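The next block holds one structure in the form of structure tokens; read it before the comments.
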Amino acid sequence: MKPKRRPRLSLTLWFTVLLFVENLIAVGISSASVSLIISFVGESIVIAPEIMVLIFSLVLGTVLALVSNKLFLAPMRKLNDKMGQVAKGDFTVRVEQRTRVKEIANIYKNFNTMVSELASLETIQSDFVANVSHEFKTPLSAIEGYSMLLQGTKGVTKDQERYIDKILFNTKRLSDLVGNILLLAKLDNQTIKAKNKTYRLDEQIRQSIMLYEIAWTNKNLSLDVDLEAVQFTGTEDLMFHVWNNLLGNAIKFSPDNVPLEITLKKNGEKIIFTIMDNGPGINEKAINHVFDKFYQGDSAHKEEGSGLGLSLVARIVSINGGKVSVENRESGGAIFTVELLRNGKVQE
Amino acid sequence: MNKILIAEDDTELRQLFQQVLIQNGFYVKGVSDGKEALEELDMERYDVIISDIMMPNVDGYTMVRELRGKGIKTPVLMITAKDAFNDMYLGFHSGTDDYMVKPININEMVLRVNALLRRAQMMNERKQVIGSTLMEWDSLTVVSNGERIVLPQKEFMLLYKMSSYPGRIFTRRQLMDDIWGYDSESDEHTVEVHIGKLRERFRDNTDFKIVTIRGVGYKVVKE
């Protein structure tokens with residue numbers, strides 16, 4: 001059986017109790033001192049001894065309270081505030097106050113060291129992902145480039161062209177895979193959220209749509225886009241991956257010449273994004289696993305994807321305090337819904 | 001012959017791009033970082049610069065910013081592995097003209113280089129041609145079918161901007177920011193109104209068309 005948790009009392013309460021006891025002692029001492037003075041000097045000299053004791057102990061008590069607040073309580077509160085900021089992802093926080101208490105000075109020093117370590121760790125992680133990604137994509141680029149040159153050479157046979165197409169197709173797969181794996185690995189290992197930014201979410205979605213223009217025009221999909229102007233606070237770079245992945249999938253699974261609907265609406269503090277395709281929809285068995293890593297329900301399109309895209313989407317959306325879900329439409333096709341809060345705070 | 005400078009620290013890629021561009025009739029010089037690029041550009045004039053972003057010593061953005069700071073207007077095509085959203089904005093604001101993400105489709109690279117050259121030429125002459133329609137920046141005039149029409153400034157700039165990137169979609173906000181400025185009091189609806197006016201004016205023009213991609217933006221398409 002779990003042991004009952006002892007209730008935690010606030011520091012202020014502890015100090016108040018302590019000071020109260022000290023005050024009692026102070027009152028005791030002052031009454032004793034006053035009585036002693038009276039016994040030596042005589043009652044007439046001392047006016048209303050009770051009031052004197054009262055004033056004496058009040059003064060003593062107040063002085064003690066101010067001193068302890070300045071030395072202990074205020075620094076604790078300040079440190080608490082700063083720690084809260086660090087937990088939200090701000091690694092520029094430092095404590096600069098000077099204190100006469102040795103232990104508190106040490107706490108400040110250690111705190112500052114700790115935060116700057118966290119900052120450099122974060123940079124290393126981000127740089128790592130960016131660098132490894134760069135390192136991978138560079139030789140892939142070379143393979144792709146020379147393959148294309150090969151395609152353009154005189155006398156290349158139909159078979160040879162086909163083989164080269166295969167090379168190109170697989171380099172693209174590899175490139176997408178590397179990007180997704182690295183990002184997912186980084187996000188998996190991170191609990192502190194990256195920097196937030198306030199920006200126009202609808203504009204970002206439009207950028208994504210434009211990025212995929214070639215893909216949806218090739219299939220002659222008729223885009224039905226309805227985006228309200230929405231200001232959103234979240235991790236801008238990561239959210240871009242969300243739209244790209246969802247849009248990419250919707251296009252991939254759409255047959256030619258069908259509509260593709262994308263909407264973005266405000267609902268109080270909530271933001272709701274939907275993307276509806278007219279593809280085959282999602283297998284009922286698969287629908288609960290779609291956001292799992294490496295899960296690919298549709299064997300027909302297996303080669304084009306890595307199964308990581310949607311788990312990346314789920315991870316990023318949850319980092320931004322939202323949720324993503326999918327349903328099959330009665331009319332056929334799937335609808336993906338992303339719910340976010342405008343200020344990106346974690347949803348209860 | 002057009003001269004192209006390639007700034008790319010990876011030897012394999014640099015050689016690949018050089019090969020491709022030489023085959024397409026360009027004169028090409030390759031350097032391995034931003035610092036060498038700036039030194040080279042101090043000595044010689046180039047028609048297009050192709051640059052990677054992540055390079056040692058001086059990175060792509062810094063190099064371009066310095067270039068623009070010196071008043072060098074050579075068009076820049078940035079090539080990078082980063083496909084982060086932020087970088088696209090950073091790139092365009094530091095003065096790059098176009099952007100490609102690795103792995104690079106070399107055929108696309110050639111197309112973009114040519115497009116940059118055409119635009120640069122048109123910018124130099126402050127004129128633009130679509131089909132048989134001519135647009136003159138200095139006089140805010142559009143000449144087509146023998147007729148010279150002078151347009152109000154915003155309308156002209158809107159048309160000119162979109163025509164210099166035929167086929168590319170611009171969102172209302174992008175057009176708002178580019179032509180009315182970031183601090184403008186007007187809202188995006190103004191763009192709609194101006195596009196409407198342009199459509200009215202050039203209803204009978206057979207060289208180009210302004211296309212709406214509902215919910216996304218507008219683009220100018222050659223007919």
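Predicted model only: the values in this text are computed from it and were never measured. The figures that follow rest on heavy atoms only: side chains count, while hydrogens, waters and symmetry mates do not. Sequence lines set the chain letters: A, B, ... in the order given, protein chains first and strands last, and positions in each chain run from 1.
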When rounded to the nearest 0.5 Å, the distance separating CD of Glu12(B) from CD1 of Ile143(A) is 10.0 Å
Review point. Would you say Lys35(B) has more than 12 foreign heavy atoms packed within less than 6.0 Å of its NZ?
Key: no
Most contact-rich option vs chain A, by heavy-atom pairs under 4.5 angstrom, among Asp10(B), Thr171(B), Ile213(B), is Thr171(B)
A quick test of your reading: do over 12 heavy atoms of other residues, nucleotides or ligands sit less than 6.0 Å from NZ of Lys166(A)? no
Applying a strict 4.5 Å limit to non-hydrogen atoms, the region of Glu8(B) in contact with chain A is neither
- Task: Indicate yes or no: at least one non-hydrogen side-chain atom of Glu144(A) is less than 4.5 angstrom from one of Ile104(B).
- Result: no
*asked:* Any non-hydrogen side-chain atom of Met210(A) less than 4.5 Å from a side-chain atom of Gln174(B)?
replied: yes
Distance col, row Asp9(B):CG vs Thr138(A):OG1, nearest 0.5 angstrom, shows 7.5 Å
Heavy-atom side-chain contact between Glu213(A) and Lys219(B) under 4.5 Å
yes
Listed by number, the residues in residues 200-209 of chain B that come under 4.5 Å of chain A (heavy atom to heavy atom) are none
The reported gap from OG in Ser141(A) to CD1 in Ile106(B) (rounded to nearest 0.5 angstrom) is 10.0 Å
Residues 158-165 of chain A vs chain B, non-hydrogen distance cutoff under 4.5 Å, contacting residues -> none
Of the listed Lys172(A), Met239(A), Arg200(A), the one with the largest count of heavy-atom pairs under 4.5 Å with chain B is Arg200(A)
Whatever's closer than 4.5 Å to a heavy atom in chain B on Leu149(A) counts as both
List the steps, then state whether side-chain contact (heavy atoms from CB on, under 4.5 Å) holds for Arg214(B) with Leu223(A).
-> CA-CA 8 Å; Arg214(B) 235 175 62 84; Leu223(A) 245 50; over 6 Å; no
So does Arg172(B) pair up with Glu203(A), basic N to acidic O under 4.0 Å?
no
Q. Does Arg206(A) come within less than 4.0 Å of Glu188(B), counting only side-chain N to carboxylate O?
A. no
